[in-house]
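Notes to accompany the following structure.
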Amino acid sequence: MTIMNYKKYCLILVSTLMLIPYLSSIELIAQDTQGWRASDQTVERLSKARPETNYYEDKVPEYILPDPLITLSGKKVTTARLWNNERRQEILELFRENVYGRVPETSYQKSSKVVKEDRDAIGGTATLKLVDITISTDSKSLVIHLTLFTPNNLRKPAPTFLLIDNRGQENTDPERQKKSEFWPVEEAIARGYGMAVFYNADVDPDNFDDFKNGIHGLLDKSVRQGDSWGTIAAWAWGASRCLDYLVTDKDVAGDKVAVVGHSRGGKTALWAGAEDTRFAMVVSNESGCGGAALARRQFGETVGRINTSFPHWFCTNFRKYNDDVDALPVDMHMLLALIAPRALYVDCASDDLWGDPRGSYLALFHAVPVFQLLGINSDIPEAMPPLNMQVMSGSVAYHVREGGHNMLLTDWNWFMDLADVVLK
Ligand code: GTR
């Protein structure tokens, strides 16, 4: 099935329902229009591979989500003013305290230097810049290597995607000898977008060494606390340092930068967008647990599991909820609400049940009231869209792509469809 927007999907749904009296088989209708659900074979196969993990919808426990629009003191948030002045900050603090951790206040110096510029890249269609962003304290320093392509034929600064690369530099070859759908520069340039990328390990290596290496080694105080930042918060901070440079580059529209991440990078993109409201758009590709997926559903990867497998990603306070996720004072719909009213794309893949496509959609659904409060005309149904069909409404969009855990050109094209509406 090809891509369709939400309006078209609703039109088909309504016209199909009107046909009900004339069709002999209701099953046929259900198949054509029903929202995505995981195939039974996939559920069985994944359950066999990980018997301790729940992949069955009917085994999802009952849960109650905290209301993003009621303050801790019980006030109903009915105005944008109350959201902006009180509730947003309250939720941000809850995520800092309980999930991702706080950035230390240690002072540091920062400088950026364009170490290579080629105005004739990609057959003359683009300008390439390699930028070294150096972060230093009195005793140590590290360099974040930013690669940036911008289209040459635009008469104005380009809206730009900044990818947090968690997959290795073979996906982001500045020479364009190796091409990867994970970062499809040529296609984005052709559609009028800049493409920037940094490698997450430049900021903090993705391994647990008790927070000695990377930016932790530069900025952490000697004794870490339960709310000290983890590696995801460090990567998100790195994305903001790249944005510091991008807003100064005359080829980039600094107020139109979208931060994009896949999986652990998707968790990071969401947190970067929550912490740094200069990002005009956030793309969370298959971010799963600790990203867009509702933690309380305990479907696929759980809080207990992720904190055990990846003890460095979150703050240590998050471990308190390993066996009692209902005690968590937030859930991930509130993280998505922190992006409002800016643009937000959440997507999943049909075989990636570990990342809970339904839980991610529901998080978006339950975040939408905040977008509405802030004046965005977003309205999505509680039922999921069918496979390979995009729901786009106001500044939010969602799709489930057929296939496995990855970020492909198909996904990027749909991200750019939302960007065409909100960033151009
Ligand atoms: C998995 C992890 C997920 C996801 C993924 C990835 O091992 O359990 O949360 O982040 O890695 O980043 O590809």
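For ligands, and for the atoms within them, numbers begin at 1 and follow the listed sequence.
For N153, the side-chain contact (heavy atoms from CB on, under 4.5 Å) partners two or more places apart in sequence, or in a different chain, are P151. The side-chain contact (heavy atoms from CB on, under 4.5 Å) test applied to A293 returns D356, S360, not counting sequence neighbours.
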Contact table, ligand 1 N/O with protein N/O, distance under 3.5 Å:
from, atom 1, to, atom 2, distance (Å)
ligand 1, 8 (O), E301, OE1, 3.1
ligand 1, 8 (O), E301, OE2, 2.6
ligand 1, 8 (O), W354, NE1, 2.9
ligand 1, 9 (O), K267, NZ, 2.8
ligand 1, 9 (O), E301, OE1, 2.5
ligand 1, 10 (O), S263, OG, 3.1
ligand 1, 10 (O), R264, N, 3.2
ligand 1, 10 (O), K267, NZ, 3.4
ligand 1, 11 (O), R264, NH2, 2.9
ligand 1, 12 (O), S263, OG, 2.8
ligand 1, 12 (O), R264, N, 3.0
ligand 1, 12 (O), R264, NE, 2.5
ligand 1, 12 (O), R264, NH2, 3.3
ligand 1, 13 (O), S263, OG, 2.8
ligand 1, 13 (O), H405, NE2, 3.2

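Ring centroid separation for the pair F365 and H333 does not come in under the 6.0 Å cut-off. In this structure, H262 has its ring center under 6.0 Å from that of F182.
Listed by first and then second residue, the salt bridge (Lys or Arg N to Asp or Glu O under 4.0 Å) pairs that reach into residues 380-398 come to none, sequence neighbours excluded.
Crowding of D210 atom CG: a count of heavy atoms from other residues, nucleotides or ligands under 6.0 Å exceeding 12.
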